[in-house]
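Data block below; observations after.
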Amino acid sequence: MQSPAVATNEAEAGVRASKLRWAILAMLFAATVLNYVDRQTLSILASSVQKDLGIDDIGYARIVQYFLIAYAISYLFAGWVTDKLGAKVSLALFLGWWSLANMATGWVRNAGQLGFARLMLGVGEPGVYTAGPKAVAEHFPPAERGFALGVYTAGAMIGATIAPPLIAWLALRYGWRAAFVITGAAGFVWLVVWLFVYRSPDGAQPARTTEPIAWGPILRDRRVWGLAVARLIADPVWYFYLFWFPKYLTDARGMTLIQVASLAWIVYLAADLGSIGGGWFSGRLIRGGIAPARSRLIAMGCAALVAPLGMLIALKLGTAPTLALGALVAFAHLVFQVNIGVLVVDLFPMRTVATVFGLIAAGSAFGGFASTYVVGQLASTGDYDGVFLLMGMLHPMAWLVAWLSTRGKQ
């Protein structure tokens with residue numbers, strides 16, 4: 001039986017299916033592309049930046065930590081800002097903020113200024129992931145929400161794919177400082193188009209909350225904590241395959257940098273397919289008569305059954321099977337991630353959906369922050385087999401937590 005919040009959201013979605021929703025979705029997709037390009041610019045240019053500013057590896061690691069800490073903490077209030085201002089204004093402010101921070105990175109003169117610029121980038125970047133669900137809730141009916149969320153989430157992987165060649169070309173042609181300024185300035189071009197394109201459907205008032213948000217009921221809701229813990233458990237798998245899997249291929253499997261660069265795109269492509277396909281799959285279940293929240297849990301359950309196959313990599317199979325299994329895990333994780341995101345949109349009323357989404361997404365950020373240390377310790381001893389076995393157990397655990405926390409509340 002559906003909760004009143006689900007029924008309310010379905011009713012809202014039924015009358016708010018804007019003809020402009022696909023243009024808005026295209027803008028959200030572009031925003032996530034920019035988000036990952038700006039995020040990766042420093043990592044791609046790290047050697048040049050360190051050399052020019054006299055920063056050693058320890059100092060660089062500390063600067064990266066500044067970004068991660070700010071990113072995690074910002075999720076706690078980015079959703080609240082989104083609910084108060086609405087998707088249009090809040091995303092404009094967040095994207096303008098992080099674009100300016102990225103441009104400022106090109107003007108820094110020492111490690112302290114660089115650390116502050118990246119901290120400011122971390123403050124702004126979560127906004128795209130709280131404003132996106134708000135916009136989807138406002139413009140898309142339940143059967144289309146999963147697909148919409150999957151499409152704009154896929155923009156992150158596109159950004160991760162195009163960033164290395166784009167940033168390298170800009171830096172070689174114009175210098176590393178110009179690379180930061182140019183990629184940051186692209187955000188302001190996006191901003192002009194966004195302000196022109198975005199409007200509430202059918203002339204309705206923007207979906208923003210004018211009354212104070214009641215934090216007590218939100219913080220007492222076991223669904224909020226359960227879904228946050230589920231992301232805390234599951235998302236370290238993605239952080240591992242994003243940041244450590246290429247290193248595993250070179251350190252433990254003896255692949256050259258050129259080999260890794262020519263093959264790693266397979267994993268990112270699989271992630272894109274999982275992002276879009278996972279949203280489509282749960283939408284298909286809804287069209288077949290299954291309740292929205294239940295359809296998301298079914299899709300997540302399927303992903304949780306597939307993801308443990310990544311443990312087979314510990315058997316030291318050939319290169320092709322290893323890449324295929326890595327791609328399969330990336331596919332499964334994005335199916336899981338997209339559906340847990342749209343589950344939030346299904347279960348919570350539009351007036352507070354971004355606030356709740358931000359709190360739950362903070363679980364992902366803190367999980368990634370903590371898991372980086374654990375994985376680093378295991379990887380430093382060469383025990384990648386143990387890492388693959390650990391990662392293989394996380395999705396079933398996360399699904400169980402999500403199911404228990406939403407049971408009887410769907």
(message) Any non-hydrogen side-chain atom of Tyr198 less than 4.5 Å from a side-chain atom of Leu91?
(response) no
(message) Given the ring of Phe348, does Arg223 sit roughly above its face, with NZ or CZ under 6.0 Å from the centre of the six-membered ring and within 45° of the axis?
(response) yes
(message) Tell me whether the rings of Trp194 and Trp190 are parallel (<30°), tilted (30 to 60°) or perpendicular (>60°).
(response) parallel
(message) Is it the case that atom CH2 in Trp176 sees more than 12 heavy atoms from other parts of the structure closer than 6.0 Å?
(response) yes
(request) Search all heavy atoms of Val353 against all heavy atoms of Val344 and return the closest pair with its distance. (result) CG2-O, 4.0 Å
(message) Is it the case that the side chain of Asn339 and the backbone of Val335 share a donor-acceptor pair, with hydrogens and angles ignored and the cut-off at 3.5 Å?
(response) yes
(request) Identify the two heavy atoms, one from Ala362 and one from Ala72, that lie closest to each other, and give their separation to 0.1 Å. (result) CB-O, 4.1 Å
(message) As an exercise, state the distance from OG1 of Thr183 to CG of Leu34, rounded to the nearest 0.5 Å.
(response) 9.0 Å
(message) In the structure I gave you, are the side-chain heavy atoms of Leu121 and Thr105 within less than 4.5 Å of one another anywhere?
(response) no
(request) May I have the step-by-step check of side-chain contact (heavy atoms from CB on, under 4.5 Å) for Tyr75 and Phe366, ending in yes or no? (result) CA-CA 10 Å; Tyr75 262 123; Phe366 284 111; over 6 Å; no
(request) Decide yes or no for Val197 and Ile24: does some side-chain heavy atom of the first lie under 4.5 Å from some side-chain heavy atom of the second? (result) yes
(request) Check Ser99 against Phe188 and note the closest heavy-atom contact, atom names and distance. (result) CB-CE1, 3.7 Å
(request) Looking only at non-hydrogen atoms, find the nearest pair between Cys302 and Phe281 and report the distance. (result) SG-CE2, 4.3 Å
(request) Give the ring-plane orientation class for Tyr384 versus Phe388, where under 30° counts as parallel, over 60° as perpendicular and anything between as tilted. (result) tilted
(request) Verify the ring-centre separation between His395 and Phe336: is it less than 6.0 angstrom? (result) yes
(request) Evaluate side-chain contact (heavy atoms from CB on, under 4.5 Å) for Phe94 paired with Val81, printing each intermediate quantity in order. (result) CA-CA 10 Å; Phe94 281 121; Val81 172; 4.0 Å; yes
(request) Calculate, to the nearest 0.5 Å, the distance between atoms NE2 and CG belonging to His139 and Leu28 respectively. (result) 9.0 Å
(request) Give, for atom OG1 of Thr406 and atom CZ of Arg294, the distance between the pair rounded to the nearest 0.5 Å. (result) 10.5 Å
(request) Without swapping roles, check the side chain of Gln113 against the backbone of Arg109 for a donor-acceptor pair under 3.5 Å. (result) yes
(request) Check whether any side-chain heavy atom of Arg231 sits under 4.5 Å from a side-chain heavy atom of Gln337, and report yes or no. (result) yes
(message) Please check: side-chain N/O of Ser275 versus main-chain N/O of Ala271, any donor-acceptor pairing under 3.5 Å?
(response) no
(message) Please determine whether the number of non-hydrogen atoms from other residues, nucleotides or ligands lying under 6.0 Å from atom CZ of Arg177 exceeds 12.
(response) yes
(request) Determine yes or no for a side-chain-to-main-chain donor-acceptor pair under 3.5 angstrom, with Arg145 supplying the side chain and Pro133 the backbone. (result) no
(request) Report yes if the side chains of Trp280 and Val151 come closer than 4.5 Å at any heavy-atom pair, otherwise no. (result) no
(message) Is any side-chain heavy atom of Phe196 closer than 4.5 Å to one of Met27?
(response) no
(message) So that I know where these two stand, are Phe116 and Tyr66 an aromatic pair - ring centroids less than 6.0 Å apart?
(response) no
(request) Dump the intermediate steps for side-chain contact (heavy atoms from CB on, under 4.5 Å) on Ser43 and Tyr60, then the final yes or no. (result) CA-CA 10 Å; Ser43 61; Tyr60 174 73; 3.9 Å; yes
(message) Looking at Pro292, is its backbone amide N or carbonyl O close enough to the side chain of Ser295 to form a donor-acceptor pair, meaning the two atoms are under 3.5 Å apart?
(response) yes
(message) Give me the atom names and distance for the closest heavy-atom approach of Met391 to Pro236.
(response) SD-O, 3.9 Å
(request) Could you grab the distance from atom CZ of Phe331 to atom CG of Leu273, nearest 0.5 Å is fine? (result) 7.0 Å
(request) State yes or no: are the ring centers of Phe245 and Trp238 separated by less than 6.0 Å? (result) no
(request) For the pair Val329 and Leu325, evaluate side-chain contact (heavy atoms from CB on, under 4.5 Å) and give the outcome as yes or no after the intermediate values. (result) CA-CA 6 Å; Val329 174; Leu325 288 168; 5.6 Å; no
(request) Starting at NZ of Lys134, measure out to OG1 of Thr355 and round the result to the nearest 0.5 Å. (result) 7.0 Å
(message) Using side-chain heavy atoms (C-beta onward) and a distance below 4.5 Å, is Phe240 in contact with Leu390?
(response) no
(request) Report yes or no: does Ser364 contribute a side-chain atom to a donor-acceptor pair with the main-chain N or O of Asp235 at less than 3.5 Å? (result) no
(request) Measure from the side-chain N and O atoms of Thr130 to the backbone N and O of Gly127, and report whether any donor-acceptor pair falls under 3.5 Å. (result) yes
(request) Could you grab the distance from atom CG of Leu400 to atom CE of Met300, nearest 0.5 Å is fine? (result) 11.0 Å
(message) Tell me whether the count of non-hydrogen atoms from other residues, nucleotides or ligands lying under 6.0 Å of CG in Leu219 goes above 12.
(response) yes
(request) Quick one: closest heavy-atom pair of Tyr241 and Gly326, and the distance? (result) CE2-CA, 3.8 Å
(message) Within the 4.5 Å heavy-atom criterion, are Leu249 and Thr322 side-chain neighbours or not?
(response) yes
(message) Against the six-membered ring of Tyr36, is Arg39 placed for a cation-pi contact (under 6.0 Å from the centre, within 45° of the normal)?
(response) yes
(message) Can a donor-acceptor pair be found, under 3.5 Å and without considering hydrogens, that links the side chain of Ser282 to the backbone of Arg296?
(response) no
